[in-house]
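Lettering of chains follows the sequences in order, A, B, ..., and the numbering in each one begins at 1. This is a predicted model, so every value here is computed, not measured.
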Number of protein chains: 2
Amino acid sequence: MIELAILGILKEGDLHGYELKKHLRTVLGPLSNVSFGSLYPALNRLERQGAVTAVVTDEAGAATMPMTGSLTGEAAAFRSRRRATRGPRNKKVYGITQVGERRLVELLSEPADDERSFGMKLAFFRWCDGPTRLRLLERRRAALLERLEETRRALAARDRDDPYVQALMEHDTESTMSDIAWLGRLIARERAGDDRTREPTGGHP
Amino acid sequence: MIELAILGILKEGDLHGYELKKHLRTVLGPLSNVSFGSLYPALNRLERQGAVTAVVTDEAGAATMPMTGSLTGEAAAFRSRRRATRGPRNKKVYGITQVGERRLVELLSEPADDERSFGMKLAFFRWCDGPTRLRLLERRRAALLERLEETRRALAARDRDDPYVQALMEHDTESTMSDIAWLGRLIARERAGDDRTREPTGGHP
DNA sequence: CTGCCGATATATCGGACCGATAGATTGCTC
DNA sequence: GAGCAATCTATCGGTCCGATATATCGGCAG
């Protein structure tokens with residue numbers, strides 16, 4: 001799940017770990033307060049998979065080499081050349097690869113049932129196509145409807161001794177209904193505008 | 001966090017692991033779908049701490065010995081007596097101890113900033129006293145107010161290119177405001193009824 | 001200039017947690 | 001009485017997080 005977030009952020013530009021964490025905090029906000037203890041292992045995982053590439057820069061900064069776009073060929077060569085360098089201020093700047101972009105779309109496509117992962121997918125919705133978006137939205141709405149039924153059943157069957165549990169359940173019911181209505185608006189908007197937003201990948205006439 | 005849930009459930013009666021999981025599912029519902037992979041290690045942890053006691057029963061079931069109330073003295077003796085028994089159908093029935101009840105109150109008292117742990121504490125609010133309840137409710141409201149400000153700042157500073165991120169943030173703002181209002185009602189109710197619910201532990205004239 | 005401080009930056013460790021799975025027993029059904 | 005689903009306890013690999021270690025950077029006080 002954190003891999004989706006990393007790839008989604010890196011898709012907009014290359015960053016090093018610390019910046020990445022800050023962007024994750026601002027974009028994802030309340031969902032998933034990523035810590036270094038999960039960020040760096042995840043970056044290593046992604047690097048092993050070939051989804052991201054790391055370039056170590058010296059104190060001259062990243063301006064010495066243009067890293068916009070997908071990193072392949074000479075970037076990888078440059079990286080291996082500078083790999084062993086352990087001079088002062090070695091910032092590792094990460095960039096997404098073509099493998100990483102495919103992985104991003106793949107992660108976006110697979111279903112998200114809980115609130116956290118759905119919100120994260122929604123934050124990166126611009127990277128996938130209309131049908132996928134609709135599928136995710138409708139699946140989420142179905143999950144919420146099911147949960148609404150379940151909570152209502154529990155609310156009806158429960159012995160009424162505890163006002164706090166009851167307040168919790170009632171508020172959960174209200175929140176869930178609000179979420180369902182919100183999803184309905186998103187679905188309607190998606191259906192209405194499905195002819196102008198067909199292409200997911202961006203740079204395209 | 002899962003320890004709080006276990007102790008809160010066990011406070012109402014002794015259960016074995018499988019029942020415990022079912023109760024956790026129904027009481028906590030959407031929050032924290034506990035799995036066996038966390039339930040059993042947590043039970044072992046609690047047993048090591050002396051917060052819960054496990055009794056292995058044979059096929060005659062738990063009815064052979066009364067286990068209501070706190071398990072001390074003869075219950076512990078009974079447990080150690082039957083410990084090595086590995087006959088057929090050894091269900092391990094767990095019960096909360098006095099140490100566990102103190103631990104429950106302690107866990108309830110410490111602050112809960114995120115939604116999950118706050119909801120869990122609210123589900124077991126009846127086990128702590130009025131001032132603690134008020135403190136937790138007000139702290140939660142303060143956290144939500146802060147988050148609301150943060151989201152609004154992010155919403156104002158953000159470049160408006162992405163409608164999905166914007167929809168996410170707006171909905172988050174609405175949900176947070178709704179939660180704050182709900183907390184306000186709970187706080188008012190708590191303040192109004194603070195003279196009749198002073199004693200937390202139950203059995204008391 | 002030097003020493004100190006807070007922000008920046010990378011990385012690791014132990015432990016909590018989860019999904020999947022194993023393995024054993026019970027009871028129901030045909 | 002054999003098969004089969006449900007019950008029940010338990011573990012494993014792996015992910016994630018909080019705390020922590022280490023080192024460099026810019027600034028500025030003495």
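A straight line from NE2 of A:His16 to C1' of C:dA11 spans 14 Å, rounded to a whole angstrom. Whole-Å rounding puts the A:Leu28 CG to D:dC17 P distance at 11 Å. Taking atom CZ of A:Arg25 as the reference point, atom C1' of D:dG18 lies 15 Å away to the nearest angstrom. Going from atom CD1 of A:Ile2 over to atom P of D:dG18 covers 11 Å, rounded to whole Å. Atom-to-atom, CG of B:Asp113 to C1' of D:dC17 comes out at 15 Å; the value is rounded to the nearest Å. We find that CZ of B:Arg116 is positioned 12 Å from C1' of D:dC16, with the value rounded to whole Å. For the pair B:Met1 CE and C:dC18 P, the interatomic distance rounds to 7 Å; values are reported in whole Å. Rounded to whole Å, the distance from CG on A:Asn33 to C1' on D:dA19 is 14 Å.
Checking side-chain atoms of A:Arg140 against main-chain N and O of A:Gly119 turns up no donor-acceptor pair under 3.5 Å. A:Ser117 places no side-chain N or O within donor-acceptor distance of the main-chain N or O of A:Ala112, the cut-off being under 3.5 Å. With A:Arg133 contributing its side chain and A:Cys128 its backbone, the two residues share a donor-acceptor pair below 3.5 Å.
When each of D:dC17, C:dA11, C:dC18 is scored by its nearest atom to the side-chain atoms of A:Tyr94, the top-ranked nucleotide is C:dA11. Nearest nucleotide to the A:Tyr18 side chain, out of D:dC8, C:dT8, C:dA11: C:dT8. The side chain of B:Val34 sits closest to C:dC18 out of D:dC17, D:dT9, C:dC18.
Residues from residues 35-46 of chain B lying near DNA chain D, meaning a heavy-atom separation below 4.0 Å, are B:Phe36, B:Gly37, B:Tyr40 in numerical order.
By the side-chain hydrogen bond (donor to acceptor under 3.5 Å, both in side chains) test, A:Ser178 pairs with no residue at all, sequence neighbours left out. With sequence neighbours excluded, no residue forms a side-chain hydrogen bond (donor to acceptor under 3.5 Å, both in side chains) with B:Glu174.
More than 12 heavy atoms of other shown residues, nucleotides or ligands fall within 6.0 angstrom of atom CD in A:Glu19.
Between B:Arg139 and B:Asp113 there is a salt bridge, since a side-chain N of the basic residue sits under 4.0 Å from a carboxylate O of the acidic one.
Taking 4.0 angstrom as the limit, A:Lys92 places a side-chain polar atom (N or O) nearer than this to OP1 or OP2 of C:dA11.
Positionally, the nearest nucleotide of DNA chain D for B:Glu19 lies more toward the 5' end than for the other of B:Glu19 and A:Glu3.
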